[in-house]
Amino acid sequence: MHKIGKKKTFRLISLFLVLSILFYLIFTAISIVSYGKTDGKANSDVAIVLGAGTSNGEVSPVYRERINHGIWLYENDYVDYLILTGGIGEGNNASDAYIAKQYALSKSVPEQAIFIEEKSTITEENLENAKAIMDENSFDTAIIVSDPLHMKRAMLMAGDYGIDACSSPTPTTMYRSFKTKIPFLAREEFFYIGYSIVRVFR
């Protein structure tokens, strides 16, 4: 009976742990989706447009829509400047940020309103290097621009790097269908949880 009691206790503890982890995963996923539905844009010095890749000298469809939203914020006087982010991707000769700048210029954004960050390969580096540009140019506030499902993690990182920021997810995200949203959400949840753990030990 004693052994049976121990087995039952072990099973109950295991079940509790499994259910707790499942609840946490569901809660986190819901919070990521919910966060991305809120646009908190406010007048700021600069919009930081997070990179999303380029190919053959063209911005990816995902990056294009992020840049378009940054341009909209500029044209509607929410910001005075844009910081376009992204280093040189595999197989490319120019940085993602440089190619993004050419795209923004083609949409009539003046060159003096565009800053580029060309060293990053991941979101955290996008923001770290963008903060350096902000400091160099005495910019105090920023709007973070990315896809809705990316915003919660991006804003957490922005705060960790001392960026006084508000979020403005692009309303024309390319992640619209269930088929495209679910893999992106799963990826974001993985990286959000991973970053949340790592930042505790920094």
**Request:** Using a cut-off of 6.0 Å, state whether more than 12 heavy atoms not belonging to Y103 lie near its atom OH.
**Result:** yes
**Request:** Check the side chains of T85 and E117 for a donor-acceptor pair under 3.5 angstrom, ignoring hydrogens and angles.
**Result:** no
**Prompt:** When you look at E124 and Y161, which way does the side chain to side chain donor-acceptor pair (under 3.5 Å) test go after all the steps?
**Reply:** CA-CA 9 Å; E124 188 173 358; Y161 280 100; 2.8 Å; yes
**Asked** Quick check: are there more than 12 heavy atoms from other residues, nucleotides or ligands sitting under 6.0 Å from OH of Y98?
**Response** no
**Prompt:** When rounded to the nearest 0.5 angstrom, what distance separates CZ in F191 from CD1 in I32?
**Reply:** 12.0 Å
**Prompt:** So, do D96 and I88 sit near enough that their side-chain heavy atoms are less than 4.5 Å apart?
**Reply:** no
**Item:** Trace of the side-chain contact (heavy atoms from CB on, under 4.5 Å) decision for C166 with S44
**Value:** CA-CA 9 Å; C166 55; S44 303; 4.0 Å; yes
**Request:** Go through the steps for V145 and I48 under the test side-chain contact (heavy atoms from CB on, under 4.5 Å), then give the verdict.
**Result:** CA-CA 6 Å; V145 176; I48 301 173; over 6 Å; no
**Among L82, V59, L84, the one residue meeting side-chain contact (heavy atoms from CB on, under 4.5 Å) with K101** = L84
**Request:** Check the side chains of D160 and Y195 for a donor-acceptor pair under 3.5 angstrom, ignoring hydrogens and angles.
**Result:** yes
**Request:** Considering only NZ, NE, NH1 and NH2 on the basic side and carboxylate oxygens on the acidic side, decide whether K131 and E125 come within less than 4.0 Å.
**Result:** no
**Salt bridge R64-E58, side-chain N to carboxylate O under 4.0 Å** = no
**Request:** Begin from the C-alpha positions of L12 and T9 and carry the test side-chain contact (heavy atoms from CB on, under 4.5 Å) through to its verdict.
**Result:** CA-CA 5 Å; L12 287 173; T9 301; 5.7 Å; no
**Message:** I need the single residue from K37, R153, R66 that forms a salt bridge (Lys or Arg N to Asp or Glu O under 4.0 Å) with D147. Which is it?
**Reply:** R66
**Request:** Applying side-chain contact (heavy atoms from CB on, under 4.5 Å), run through S146 and T170 and close with a yes or a no.
**Result:** CA-CA 6 Å; S146 191; T170 176; over 6 Å; no
**Item:** Cation-pi geometry met for K41 and Y78 (6.0 Å, 45°)
**Value:** yes
**Request:** Scan side-chain atoms only and decide if S168 and D39 contain a donor-acceptor pair under the 3.5 Å cut-off.
**Result:** yes
**Request:** Compute the centroid of each ring, for Y35 and then for Y192, and state whether the two points are separated by less than 6.0 Å.
**Result:** no
**Residue pair T180 / S177, side-chain donor-acceptor N/O under 3.5 Å** = yes
**Request:** Using the six-membered ring wherever Trp is involved, compare the ring planes of F184 and H150 and label them parallel, tilted or perpendicular (cut-offs 30° and 60°).
**Result:** tilted
**Item:** Residues E65 and T172: side-chain donor-acceptor under 3.5 angstrom
**Value:** yes
**Request:** Verify whether one side chain among T54 and N92 offers a donor that lies under 3.5 Å from an acceptor in the other.
**Result:** yes
**Message:** Return the OH to CD1 distance between Y63 and I99, rounded to the nearest 0.5 Å.
**Reply:** 9.5 Å
